[in-house]
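First listed ligand is number 1; within each ligand, the first listed atom is number 1.
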Amino acid sequence: MERRTFLQLSALSSLLAGKWAAAEAVSEKPNILFLFTDDHAVQAISAYGSRINNTPNIDRLAREGTIFDRCFCCNSICAPSRAAILTGKHSHANGLRNNQDTFDGRQLTFPKQMQEAGYQTALIGKWHLKTDPTGFDHWEILPGQGSYYNPDFRTAEENTHYIGYATDITTDLALDWLDKRNEDEPFMLMCQHKAPHRTWAPPPEFLTLYDDEDIPEPETLFDDYSGRSEVLKKNEMTIAGHLMYDYDLKVSGSEVPDKLGRTMKNPEVKRMNPEQRAAWDAAYGPKNEKFLKDNPQGKDLVRWKYQRYIKDYLRCIASVDKNIGRVLDYLDEKGLAENTIVVYSSDQGFYLGEHGWYDKRWMYEESMRMPLIVRWPGVARAGERVSALVQNIDFGPTFLDIAGLEVPREMHGRSMSALLEEGDEAPWRTSIYYHYYEKGEHNVPPHEGVRTERYKLIHFTELKKWELFDLKKDPSEMKNVYKDPAYAEVRMEMQGELRSLRRRFQVQGATGSS
Ligand code: SGN
Ligand code: CA
């Protein structure tokens, strides 16, 4: 149905108090299927120009939908990104600043609003917000980070131990719920995978994928962090020094500690049944033997670690992509594709060796960026690329708007519907606010900042250090121009912009001054 007709219909239905009229209009509302992963960077999606893998099913979605080239999270870490999506608010306003915080499920969220408006709502997979989900008719989640192999899931009533691989099982559970739902009401389903999160444990079927090739290295794999703030050098997320042999790199039994003196066993291996374990050992055994025999050193060792890390990460993505294909096929088979908006995204980006790193958290592009692809038949233009600066806080408002509901004023984000309908012609914001708070694993100091189309200003709030990047001249963010006199004016403008965003979102406390 035409979006306009749909909006008119829903406006009409709210005027008519009769239950029958409301039910009629509700049945016309589009379904929303939110496919979400954990730590999937755009550098590993071929529709985004990946140099390192192919994702045919995500690409299919992209061909049939709109690709957002500049979608960013407001805080590049798991639970905070999820809370921002649910509430449409920045972290300071939804109360979830870091992974240690607990989500207050009593607050306003978009699933709650949709549920109240007659949508059937469900959430399957990774949740990570500590308190039980609210606003869902059905939920079945992985406890905490969850496991890849033979995962446990829980509902409010029970725990279930499943045999199989998490990405397949999450999809099975999502499709089961779709089978069982009431077909007379629209649905909003959030299908949230654990993959490709650390420890990047691939499924049996993809354990040897990429064995016969070398994955290209990023240009900045051997970054020495010169030209930027000293804080970068103190990071604890290097491929060279901060991956553990057994835990991350699957070299079983290695007692060689990482740079922080840590050795840990991979937690997935002990969860496997004999068959899974045999496939695992058959895949890693010979490769590990060769590695131990070759005993690479220096840069060669870093290169070897990069290959092992990136291949496992991409193997997990191969399974994600396969399962997205299963979902798209299901929608086709059931005649649901036309009236279902399918969204693909991930909670934040990830370093795939850029700056020598894995993990996320920093406001630099690779971790701040999120994939966002939206297929909305008949409305979003197929194959369109949108470059407007959108954020995870815009997801909730968009879903509410699509459902014909009003976006609550207290939400910071705004509906992207106009961007979907008109592309970059639609008026849009010109800057976005970012704030990372956690002081924990990987030693990334708290920082906040602003990004515009061309520039990025970062303030390390406790260390009182500033960085400014010209993304047009320096897309890899290798040169801090904060003190460069040629950028004095830009610097002042960007600081003004940061102050104005802080005022708009009522961020408390001073950010410090230059
Ligand atoms: C775990 C990982 C970290 C990762 C955080 C946050 N360590 O703690 O490497 O940064 O999750 O990730 S692990 O040894 O437990 O794998 S997040 O996506 O959940 O925010
Ligand atoms: Ca994550």
Should the pair [X] and [Y] be assigned to parallel (<30°), tilted (30 to 60°) or perpendicular (>60°) ring geometry?
X    : Y    : result
Y364 : W362 : parallel
Y309 : F350 : tilted
H355 : W357 : tilted

Any Y358 heavy atom less than 4.0 Å from ligand 1: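 For ligand 1, residue contact (heavy atoms, under 4.0 Å) with Y358 is absent.
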
Heavy atoms only: which of K360, H442, Q348, R198 is nearest to atom 12 (O) of ligand 1?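 Comparing heavy atoms across K360, H442, Q348, R198, the nearest one to atom 12 (O) of ligand 1 lies in K360.
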
Under 4.5 Å between any side-chain heavy atoms of Q348 and D39, yes or no?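 Contact flag for Q348/D39 side chains = yes.
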
So I373 and F68, do their side chains get closer than 4.5 Å, heavy atoms only?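 They are not in contact (no side-chain heavy atoms under 4.5 Å apart), so the answer is no.
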
Write out the residue and atom name of the closest protein heavy atom to [atom], then the distance separating them to 0.1 Å.
atom                    : result
atom 11 (O) of ligand 1 : Q145 NE2, 3.1 Å
atom 4 (C) of ligand 1  : D359 OD1, 3.4 Å
atom 5 (C) of ligand 1  : R361 NH2, 3.6 Å
atom 8 (O) of ligand 1  : E441 OE1, 2.7 Å

Part of K126 within contact of ligand 1 (heavy atoms, under 4.0 Å):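 It is the side chain that gets close, since no backbone atom is under 4.0 Å.
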
Ligand 1-proximal atoms of D39, by part, heavy-atom distance under 4.0 Å: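 Side chain only.
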
Looking at I85, L86, N94, which one forms a side chain to side chain contact (heavy atoms under 4.5 Å, CB included) with T109?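 It is L86, the one option of I85, L86, N94 that forms the side chain to side chain contact (heavy atoms under 4.5 Å, CB included) with T109.
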
Are H447 and Y434 an aromatic pair, judged by ring center distance below 6.0 Å?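 They qualify: ring centres under 6.0 Å apart.
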
Could you check whether H442 and Y358 have their ring centres less than 6.0 Å apart?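 Close enough - the centres of the two rings lie under 6.0 Å apart.
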
At less than 4.0 angstrom from any non-hydrogen atom of [X], what atoms of ligand 1 do you find?
X    : answer
H128 : 19 (O)
Y247 : 13 (S), 14 (O), 15 (O), 16 (O)
N99  : 6 (C), 17 (S), 19 (O), 20 (O)
D38  : 18 (O)

Considering distance alone, does some N or O of C78 sit under 3.5 Å from an N or O of ligand 1?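 In this structure, C78 places an N or O atom under 3.5 Å from an N or O of ligand 1.
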
Any N or O of T199 that comes nearer than 3.5 Å to an N or O of ligand 1?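 In fact, backbone or side chain, T199 has no N or O that close.
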
Nearest N/O/S atom of [X] with respect to the Ca ion (ligand 2), by atom name, please.
X    : value
D39  : OD1
D38  : OD1
D347 : OD2

Run through N288, N266, D312 and flag the one making a side chain to side chain donor-acceptor pair (under 3.5 Å) with K250.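 Between K250 and the candidates, side chain to side chain donor-acceptor pair (under 3.5 Å) is satisfied uniquely by D312.
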
Can you tell me if, anywhere in S346, an N/O/S atom lies at a distance from the Ca ion (ligand 2) that is smaller than 3.0 Å?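 So S346 does not bind the Ca ion (ligand 2) by this criterion.
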
Taking 4.0 angstrom as the limit, do R326 and D172 come out as a salt bridge?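 Here R326 pairs with D172 in a salt bridge, since their nearest N and O are under 4.0 Å apart.
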
Please name the pair of heavy atoms, one in F72 and one in R369, separated by the smallest distance, quoted to 0.1 Å.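 The pair with the smallest heavy-atom distance is CE2-CG, 3.6 Å.
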
